[in-house]
Amino acid sequence: MQTVNWSGVRERTVALYARRGSRAGVGAVLPPVLSEAQVRQAEEQFGVVFPDEYRQYLLRVSAGGRVRTLRVDQSGWHWEGDQPSDRANLHVAFPDHDTALAASEDLWLNEPQEGDYASAAAYQADHDTWRETADVAEDARTSGAIPLHDHGCGFYTVLVVSGPMRGAMWFDGRATCDRLNPLLNDDGHPATFAEWYLDWLTREEQLTTPELRRAVNDRWHAGTDVPIWLRWFDS
């Protein structure tokens, strides 16, 4: 993995936010960076060491911005808008996708059907048990990954922090399908955090007018020069 030059990235991001804020008629403020001590406290709480590129982002660019803000309050460290389940198993290895998908599909094929039961109460009891098992299995599919960017409508970009895929960015598309897919770089490999972020920043800096943004968006959705963050369903 190549060393990333983070010099000037915060200044570039601040300038981008300022331009966006001015265009929208509202202020836009990039959260401050974290200290080394703060990052270590968060890592100790979660039982992981963040991938170096994300660590450097927190230390040199921002605690938030394009990604959910990492902050601390009386309950401890957490990402803004996350759920306790999002950080409960960060120390557990991110699973092999195909194996986890097959297990999920098997589980759904065995969902209890009301017509197979003599009473509604018996069906409900078994279905409640099945549902608990299914929810645990679905949560396990993103063990070892931080939901860093919320796209809305149940879609997330996640950063893998544990296991063989550590450091890679994946897209959670389960809102419309069963899959989680890696976000691929130009070489066809799972993108790292820095590749994902700097690709976004560079492209956003180039979109200086609404007309240019519309033209570029049309190209992206037509499959031309698609940015890393939008490569949702590449295989």
Heavy-atom nearest pair, Asp106 first then Asn110, reads O-ND2, 2.8 Å

How about Val39 and Leu59: do any of their side-chain heavy atoms sit closer than 4.5 Å? yes

For Tyr123, the hydrophobic cluster (side chain heavy atoms closer than 4.5 Å, chained through members) also holds Tyr117

Exercise. Can you find a heavy atom in the side chain of Arg166 that is under 4.5 Å from one in the side chain of Val48?
Worked result: no

Looking only at heavy atoms, the pair that brings Leu207 and Arg19 closest together is O-NH2, 3.1 Å

Note: with side-chain heavy atoms under 4.5 Å as the link, the other cluster members for Leu107 come out as Trp108, Trp130

For Arg174, the side chain to side chain donor-acceptor pair (under 3.5 Å) test, sequence neighbours excluded, returns Glu138, Asp172

Next on the checklist: Whether the side chain of Asp96 engages the backbone of Thr99 through a donor-acceptor N/O pair (distance < 3.5 Å, no angle test) should be reported.
Outcome noted: yes

Donor-acceptor contacts, no H, no angles, side chain residues 29-38, under 3.5 Å, sequence neighbours left out:
from	atom 1	to	atom 2	distance (Å)
Ser35	OG	Gln38	N	3.1
Ser35	OG	Gln38	OE1	3.4
Glu36	OE1	Arg55	NH1	3.4
Glu36	OE2	Arg40	NE	2.8
Glu36	OE2	Arg55	NH2	2.8
Gln38	OE1	Ser35	N	2.8

Please tabulate, for side-chain N and O atoms in residues 183-191, each donor-acceptor pair with protein atoms closer than 3.5 Å (sequence neighbours left out).
from	atom 1	to	atom 2	distance (Å)
Asn185	OD1	Asp187	N	2.9
Asn185	OD1	Gly188	N	3.1
Asn185	OD1	His189	N	2.9
Asn185	ND2	Glu195	OE1	3.4
Asn185	ND2	Glu195	OE2	3.4
Asp186	OD1	Arg231	NH1	3.2
Asp186	OD1	Arg231	NH2	2.9

Is there a side-chain contact (heavy atoms from CB on, under 4.5 Å) between Arg66 and Trp196? Walk through the geometry before answering. CA-CA 10 Å; Arg66 173 69 172 166; Trp196 173 82; 3.6 Å; yes

The ring pair (Phe, Tyr, Trp, His ring centres under 6.0 Å) partners of Trp170 (sequence neighbours excluded) come to Phe94

- Task: Check whether any side-chain heavy atom of Arg12 lies under 4.5 Å from a side-chain heavy atom of Leu201, and answer yes or no.
- Result: yes

Within a strict 4.5 Å, meaning less than it, do heavy atoms of the Tyr156 and Arg68 side chains meet?
yes

Ring pair (Phe, Tyr, Trp, His ring centres under 6.0 Å) filter on His149, not counting sequence neighbours, yields His151

* Indicate yes or no for a side-chain donor-acceptor contact from Thr202 to the backbone of Leu198 under 3.5 Å, with no hydrogens or angles considered. => yes

What I want to find out is whether Arg87 reaches Asp82 closely enough, with some N-O distance under 4.0 Å, to be called a salt bridge.
yes

With sequence neighbours left out, the residues meeting side chain to side chain donor-acceptor pair (under 3.5 Å) with Glu80 are Arg71

Could you tell me whether the side chains of His78 and Asp73 share a donor-acceptor contact shorter than 3.5 Å?
yes

Interatomic distance, OG1@Thr157 vs CD1@Ile228, rounded to 0.5 Å, equals 11.0 Å

Closest non-hydrogen atoms of His127 and Pro112, given as atom of the first, atom of the second and distance, are CD2-O, 3.8 Å

Tightest non-hydrogen contact, residues Glu114 and Ala120, listed as OE2-CB, 4.4 Å

Heavy-atom closest pair (Thr69 atom, Gly64 atom, distance to 0.1 Å) is OG1-CA, 3.5 Å

Residues at least two apart in sequence or cross-chain that pass ring pair (Phe, Tyr, Trp, His ring centres under 6.0 Å) with Trp6, listed by chain then number, are none

Applying ring pair (Phe, Tyr, Trp, His ring centres under 6.0 Å) to Tyr57 and not counting sequence neighbours gives Phe193, Tyr197

Checklist entry - Going only through I, L, V, M, F, W and Y residues with side-chain contacts under 4.5 Å, is there a path from Val72 to Val49? => result no

Could you check, using the six-membered ring where one of them is a Trp, whether Trp79 and Phe46 have ring centers closer than 6.0 angstrom? yes

Gln124 meets the side chain to side chain donor-acceptor pair (under 3.5 Å) criterion, sequence neighbours left out, with Asp128

Would you check if the side chain of Glu43 reaches a backbone N or O of Phe50 as a donor-acceptor pair within less than 3.5 Å?
yes

For Leu90, is there any backbone N or O sitting under 3.5 Å from a side-chain donor or acceptor partner on Ser162? yes

For Asp199, the side chain to side chain donor-acceptor pair (under 3.5 Å) test, sequence neighbours excluded, returns Arg203

Worksheet item: Phe155, Trp200: one ILVMFWY side-chain cluster at the under-4.5 Å cut-off?
Response: yes

Using the rule that Ile, Leu, Val, Met, Phe, Trp and Tyr join whenever any side-chain heavy atoms are under 4.5 Å apart, tell me whether Phe171 and Trp229 fall into a single cluster. yes

